[in-house]
Peer 1: 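Pasting a structure here, questions to come.
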Amino acid sequence: MNEELPLVSILMVTYNHAPYIAQAIRSCLSQQTSFPFELVICDDASTDGTDQIVRDFAAQDPRVHYLRQPVNGRGANNYLDGLGHVRSRYIAFCEGDDYWSSPHKLEKQVRFLEANLDFAVACHKVEMRFEHRSDDAPKQYVYKDCSVGDERMRQGIFHADEAIANYYFQTSSFVFRWRFREGLPAWFRKWMMFDHALMMLHAAEGKIKYFDEAMSVWRRNDTGYSWLQNVDKGVFFQKEGYGWILHYEEMDKFFAGRFHLQIRERVLLAVRGMIANFMETGDLAGLRRVLDDHRPWWEKVVKDNAALAEAVRMALPEEVERVPPWSARAPKAEAPALPHLGGAMELGITSIPECADSVWAHWTQGQEHAGFATPLAALAAWLHDRRVRRLWLPSITPKQVEIELQQLWLGYQFYPVGGDFAPDPGFLAHVQPGDAVLTQSWLGRAPGGPLREALVARQGFLWIDDRSQALWPGQPSEADVAIYSAHDVLGVPDGGLLVGPGVAALQPPPADAAGLAAQRRALMLERLEAPASGAALTAQDRALALAHPLPAGAMSRLSREMLARMPLPALVQRSQDNWRLLTHWLQDWALWPRQEGVDFAPAFFPMLVPRGMPAVFVITALNRDGIVCQTFPLALNERYAGCLGAEKETLDRLLCLPCDHRYGEDDMRRIAGQVRRILVGDSALGSAGTRFIP
């Protein structure tokens, strides 16, 4: 009779875990399942009695398979040998000093994966147990707060890009639909961070299911790889930083840049930690070495932040001329000595003359204005000052705006827009005195026609013209107040600009940015080093927030100075030229067809993916080719289903391709060509619905 193959293999790697290994093994073998499983234990040549404990369990239970290394391999080979032994459909993990706390953990996770073939990973909340703390200390967890965000996140459903950007998982919670029976990628053998790498290799093949229930315990002690990271990040990255960076560089190559922006943040986390350590120890030679070795990462110009990158380069006068790319080249002159501010050189942008037709001049047009750190802070300050009773928002409002309004305890209501995002003025019949209506210059196109006429003739309520996506809407604002976003539209460090009568009094005073940052950093370090005292730290954090209420600070001097030096006409012309090119090449899929000429400066080009083709497939294929497009998640949830009309179908199919002033004709040609190839099934990912194996 043939032996029944297990449905799940539990991999347990161990080294000198004699005080803990028996509890770990029992927690796995006591799982109550409706399917067979095996426990593969790999001992990395322990010297403390772990070997005999495992042998006793293996002799008593045929589900235990024991692999012992002849010599200690410092973790890597032990782990890989264990993975090579896995022969089942699913794999789970429990290291020798951890344990599973629920006897139903494996059944719950595997049954979910069996019933949902579009999921590749199942994980859950994990309790942390600290060796040096008493048993009655407050419990702490590795977890994801699913109470915020959209309905998908509240159901515990996540995607690969979210898993790499915010890593809130722990190894003992993993169950994977195992896809590497023939061996792992070659680069995997080099590095130690197996948990994140294995997560990404599987999450890229399907969705992630997160159970908001603690079903395992992660024992924290000074033998673990990640312990030093919690004690002192600077020392940790000085020791492990190079391996960390190489690990993510290899991952970036393997995924062909599909998660490049998220991986870049993981690399920069290590670079920042290494830089901080060298700065604190005064090792300037080491600091320069880190910057030189990893220059392609920290200095890379991402087009969405081109202006900010230029400002950073201007902070290094010994390496570059202090002339931004949008101005004519000035003759090189001897740079004056600049004062030191907080250990860094003050940016020398004021040595460049202002433009008469700058972005700043066009946005303000001699009117009263106030500069805030973000456009949401500007909106919140104005709503509070005018004592708005209820705010009316278009149904395509971004989710973040709704979150901000909830925090302000301000009432709001959504009004519908059509399939081309043009609002119908009929909702104005329900607007009451004391309300405010927010209109949105979507992608830069200001609302017009009957709605504008009705708003101009309004009585008893206020009008806010949200131009946070607009570089230049093409017509003056007739609203009570207009809001611009320097950061979102131009990529400068920060900035929300409020323009209109009576807003100058709302200008927040310059904050003590250095002092505030130092206080927040101190709180962050305390929270990492002594998380058990969470209540006291929360009180401190709240006191700090109350000392700096909304609006959250003023626009930085750097952003304001840069806006005064950017000539608007040239930027507008470039955006319109790019729009015209994409309209010519992609007019069959354009949201607004036969519109090659525009009277605004578009930030994106909106296209509709053909029916039957998932928008996520096109996004993935474009990202693989280095083209980052955008979608717009709705603030609406099931409570407002009645507000949704044709715009819901439009948003499901909508992609916004970059076409603003930071791009040129070659970029547009490449974007249009790649889109056309994807739509006819000629991309690197093949046709929609087919399975891609890297």
Peer 1: Could I get the full list of side chain to side chain donor-acceptor pair (under 3.5 Å) partners for Q60, not counting sequence neighbours?
Peer 2: none
Peer 1: Under 3.5 Å, is there a donor on one side chain and an acceptor on the other for Y15 and D48?
Peer 2: no
Peer 1: Output the distance between atom OH (Y248) and atom CE (M200), rounded to the nearest 0.5 Å.
Peer 2: 9.0 Å
Peer 1: Cation over ring, K144 on Y210, under 6.0 Å and within 45°?
Peer 2: no
Peer 1: Does a side-chain heavy-atom distance below 4.5 Å link I25 with M12?
Peer 2: yes
Peer 1: Just jot down the side chain to side chain donor-acceptor pair (under 3.5 Å) partners of E127, sequence neighbours excluded, or say none.
Peer 2: R129
Peer 1: Salt bridge or not for E162 and R152, using N-O below 4.0 Å?
Peer 2: yes
Peer 1: Just jot down the side chain to side chain donor-acceptor pair (under 3.5 Å) partners of K108, sequence neighbours excluded, or say none.
Peer 2: E213
Peer 1: Can you give me the closest heavy-atom contact between S216 and W100, atom names plus distance?
Peer 2: CB-CD1, 3.7 Å
Peer 1: For the atom pair CZ (R177) and CG (N116), what is the distance rounded to the nearest 0.5 Å?
Peer 2: 8.5 Å
Peer 1: Are any non-hydrogen side-chain atoms of E95 and Y20 less than 4.5 angstrom apart?
Peer 2: no
Peer 1: Are I10 and F93 packed together at the side-chain level, in the sense that at least one heavy-atom pair is separated by less than 4.5 angstrom?
Peer 2: no
Peer 1: Taking the side chain as C-beta and beyond, is there a heavy-atom pair between H124 and D212 under 4.5 Å?
Peer 2: no
Peer 1: What are the two closest non-hydrogen atoms of A18 and I53, and how far apart are they?
Peer 2: O-CD1, 3.6 Å
Peer 1: How would you list, by chain and number, every residue that makes a salt bridge (Lys or Arg N to Asp or Glu O under 4.0 Å) with R89, sequence neighbours excluded?
Peer 2: E114
Peer 1: Who pairs with D61 by salt bridge (Lys or Arg N to Asp or Glu O under 4.0 Å), at least two apart in sequence or on another chain?
Peer 2: R63
Peer 1: Mind checking ring-ring contact (aromatic ring centres under 6.0 Å, His included) for F112 and listing every partner two or more places apart, or none if nothing turns up?
Peer 2: F119, F211
Peer 1: Do any pairs count as a side chain to side chain donor-acceptor pair (under 3.5 Å) and have a residue in residues 28-38, sequence neighbours left out, and if so which ones?
Peer 2: S9-E38, S34-E107, S34-R111, E38-H65, E38-R87
Peer 1: Who passes side-chain contact (heavy atoms from CB on, under 4.5 Å) against R55, sequence neighbours left out?
Peer 2: D51, Q52, Y66, R68
Peer 1: As an exercise, state the distance from CD1 of I164 to CZ of R264, rounded to the nearest 0.5 Å.
Peer 2: 14.0 Å
Peer 1: Could you list the residues that satisfy salt bridge (Lys or Arg N to Asp or Glu O under 4.0 Å) with R26, not counting sequence neighbours?
Peer 2: none
Peer 1: Determine whether P19 and D97 make a side-chain contact, defined as any pair of heavy atoms from C-beta on separated by less than 4.5 Å.
Peer 2: no
Peer 1: List the steps, then state whether ring pair (Phe, Tyr, Trp, His ring centres under 6.0 Å) holds for H247 with Y242.
Peer 2: CA-CA 9 Å; H247 165 85; Y242 281 95; over 10 Å; no
Peer 1: What closest approach, in Å, do A92 and L106 show between heavy atoms, and which atom pair accounts for it?
Peer 2: CB-CD1, 3.9 Å
Peer 1: From the options Y90, F180, F169, select the one residue that forms a ring pair (Phe, Tyr, Trp, His ring centres under 6.0 Å) with H202.
Peer 2: F180
Peer 1: Is M199 close to V121 at the side-chain level, that is, under 4.5 Å between some pair of heavy atoms?
Peer 2: yes
Peer 1: Sequence neighbours left out, what passes salt bridge (Lys or Arg N to Asp or Glu O under 4.0 Å) with D44? Give chain and number order.
Peer 2: none
Peer 1: Would you say the side chain of I41 lies within less than 4.5 Å of the side chain of L67, judging by non-hydrogen atoms?
Peer 2: no
Peer 1: By side chain to side chain donor-acceptor pair (under 3.5 Å), which residues pair with S46, not counting sequence neighbours?
Peer 2: D43
Peer 1: Output all residues satisfying ring-ring contact (aromatic ring centres under 6.0 Å, His included) with F174, sequence neighbours left out; order by chain, then residue number.
Peer 2: F176
Peer 1: Any non-hydrogen side-chain atom of L198 less than 4.5 Å from a side-chain atom of W178?
Peer 2: yes
